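Working notes for the structure below.
No experiment lies behind these values; they were computed from the predicted model shown. Throughout, protein chains are lettered first and strands after them, A, B, ... in sequence-line order, and every chain is numbered starting at 1.
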2 protein chains.
Amino acid sequence: MAKVDTSLVANLPLFAGFKPEELDEILREARSARFPKNSAVFEQGEDAHSFFLLLHGHVRAAKTTPTGEQIVVRYVAPGETFGLAMAIGLTQYPATATAVDDSVVLAWPTGTWPRLVQKFPALATNTLQTVGTRLQETHTRVLEMSTQQVEQRVAHALLRLAKQSGKKLDHGIEIDFPISRQDIAQMTGTTLHTVSRILSGWEQLGLIEGGRQRIILREPHKIFVLAEQSAGGGPA
Amino acid sequence: MAKVDTSLVANLPLFAGFKPEELDEILREARSARFPKNSAVFEQGEDAHSFFLLLHGHVRAAKTTPTGEQIVVRYVAPGETFGLAMAIGLTQYPATATAVDDSVVLAWPTGTWPRLVQKFPALATNTLQTVGTRLQETHTRVLEMSTQQVEQRVAHALLRLAKQSGKKLDHGIEIDFPISRQDIAQMTGTTLHTVSRILSGWEQLGLIEGGRQRIILREPHKIFVLAEQSAGGGPA
DNA sequence: GGTCCGTTTTGCGCTATCGCAAATTGCCGG
DNA sequence: CCGGCAATTTGCGATAGCGCAAAACGGACC
């Protein structure tokens, strides 16, 4: 089997403090897999057979209600882990993970986790930090949904996406994977119609440049100002 | 110093799999402290000097925006940990913790965490499970806020509170600590006015019995039905 | 027993946002 | 080069829930 290049992953927070040979031992337990654009890595409710580290591409994690509505839990960028169901005591995935671009992952069988953690306790503490950070972020999201209007929430969402997965261009920052208005709606707790209206407005003002599943922030700073603003837009 | 009775805490998830003498060693590092009703255990932004285990009482964790709005992150019941800032890599508390009833906690100085975790790796994995569960719950909250109307969210919130901290009465279940309409509003992302209207309505129907900072669920099952229902109330 | 303060209730107009419907656009496959 | 489909835009009511204001209420403390 082809060995995974340790240099690609050595600096990830997950592996902070590991020696090369330890890293190697951990990586040996994983197999790598490729998921073409729009294919499912795993589905909500499915048995949690593996946990993952994204190497290339982008993955959307989404949670669906019994009645079929869904929200985007997060977008996974290269270097991030996902599908950690078992580490947090679940036997089934609580969300669906879909590759939004051709993606490559490392996958560890669920069964390896207890053994790895026992041998490398730092794995647990590193994962704890990661999960803790996500918890904070999710609390922030709740706070935003409770206190801000849709326009500001969308602004924040775009800024976060740009920060996490933005590609610098001469004329702005492009979000580096296909993302629809519907996706943004599901990230911010609104409808695709409202998102479309807002983005159209911003495009008029030259703040962004839109396309089919494409968004370029032309004026990140102005969007930032929008995001912080409370309701009133100011004097006419 | 008075020793903490290990039997009180031995069965908590945090200490799952520990031997009595190990437990003892961990507990020896903690001091216990009492917080009278409405006093702050710690404040958002304050340096994270300790982490806590609630022994008696109830604590509200709330997060405040720069502009002063706040949400209730959660209510802590006896046996639960809180203020785990350092375990997840923060140096300051991300929320304010307030005793809503006279409360007693165990407090470990932040500095003891790395040592304890090193000596007892199970602490890290247990904490990982706890934090992971909270992450799931918070995602569920986001899902609800995105897809349900206020009435259903309030119903869910009450049911959860009843489950976590409900006291069984002949005529229903009482939420076992003082909680205002404002608090419920901050849990569900709405205003105290709307909560008040909803609860008044339910009281008319005999589903609940309200009082000053007091709520008794008289018909938990009917409230459950309400919580699951989508918009339309049905034929007149 | 009286007073004061925090909580709760309720009325009423307002509006941000939804929901539906229809038109438009841009991309992909053949 | 030509459909055909998915994504996007846009118009137009409908309305859930907000925000303000004021009144009613209930305790706690003196």
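Taking 4.5 Å as the limit, every side-chain heavy atom of Leu143(A) sits out of range of all side-chain heavy atoms of Arg141(A).
Residue Asn38(B) contributes atom CG, which lies 18 Å from atom P of dC5(C) at whole-angstrom precision. In this structure, Gln229(B) places its CD atom 17 Å from C1' of dA16(D), rounding to the nearest Å. The distance from atom NZ of Lys37(B) to atom C1' of dG6(C) is 12 Å, rounded to the nearest whole Å. Protein atom CD1 of Ile184(B) is 12 Å distant from nucleotide atom C1' of dT8(C), rounded to whole Å. If you take CG of Leu192(B) and P of dA24(D), they are 18 Å apart, rounded to a whole angstrom. Between the CD atom of Gln149(B) and the C1' atom of dG19(C) there is a distance of 13 Å, given to the nearest Å. Between the CD atom of Gln148(A) and the C1' atom of dC18(D) there is a distance of 16 Å, rounded to whole Å. Atom CE in Met145(B) sits about 16 Å away from atom C1' in dC18(C), given to the nearest Å.
Note that CG of Asp101(B) is 11.5 Å distant from CD1 of Ile179(B), once rounded to the nearest 0.5 Å.
Pairing each heavy atom of Ser50(A) with each of Thr110(A), the nearest pair is N-OG1, 3.2 Å.
Sparse packing is recorded around NE2 of His221(A), with 12 or fewer heavy atoms of other residues, nucleotides or ligands lying under 6.0 Å away.
Backbone-only engagement by Arg181(A) is indicated by non-hydrogen atom pairs under 4.0 Å involving sugar-phosphate atoms exclusively.
We find that Arg181(B) and Glu203(B) are not joined by a salt bridge, their nearest charged nitrogen and carboxylate oxygen being 4.0 Å or further apart. Taking a cutoff of 4.0 Å between a charged side-chain nitrogen and a carboxylate oxygen, Glu144(A) and Arg153(A) do not qualify as a salt bridge. The pair Glu137(A)-Arg74(A) fails the salt-bridge criterion, with no side-chain N (NZ, NE, NH1 or NH2) lying under 4.0 Å from an Asp/Glu carboxylate O.
When only modelled atom types and interatomic distance are considered, Glu151(B) and Trp202(B) share a side-chain donor-acceptor pair under 3.5 Å.
Comparing the start and finish of the helix from dG1(C)-dC30(D) to dG30(C)-dC1(D), five pairs each, the helix axis swings through 50°, to the nearest 10 degrees.
For His193(B) against dT10(C), a side-chain N or O and a base N or O form a donor-acceptor pair under 3.5 Å.
Checking dT8(D), dT8(C), dA6(D) against every side-chain atom of Ser180(B), the shortest atom distance belongs to dT8(C).
Screening Trp108(B), Tyr93(B), Phe51(B), Phe52(B) for a ring pair (Phe, Tyr, Trp, His ring centres under 6.0 Å) with Phe82(B), the sole residue that qualifies is Phe52(B).
Residues from residues 196-205 of chain A with heavy atoms under 4.0 angstrom of DNA chain D, sorted by number: Ser196(A), Arg197(A), Ser200(A).
Remark: Thr190(A) is in phosphate contact with dC18(C), judged by side-chain N or O atoms under 4.0 Å from OP1 or OP2.
Residue whose closest nucleotide on DNA chain C sits further toward the 5' end, between Arg212(A) and Val150(A): Val150(A).
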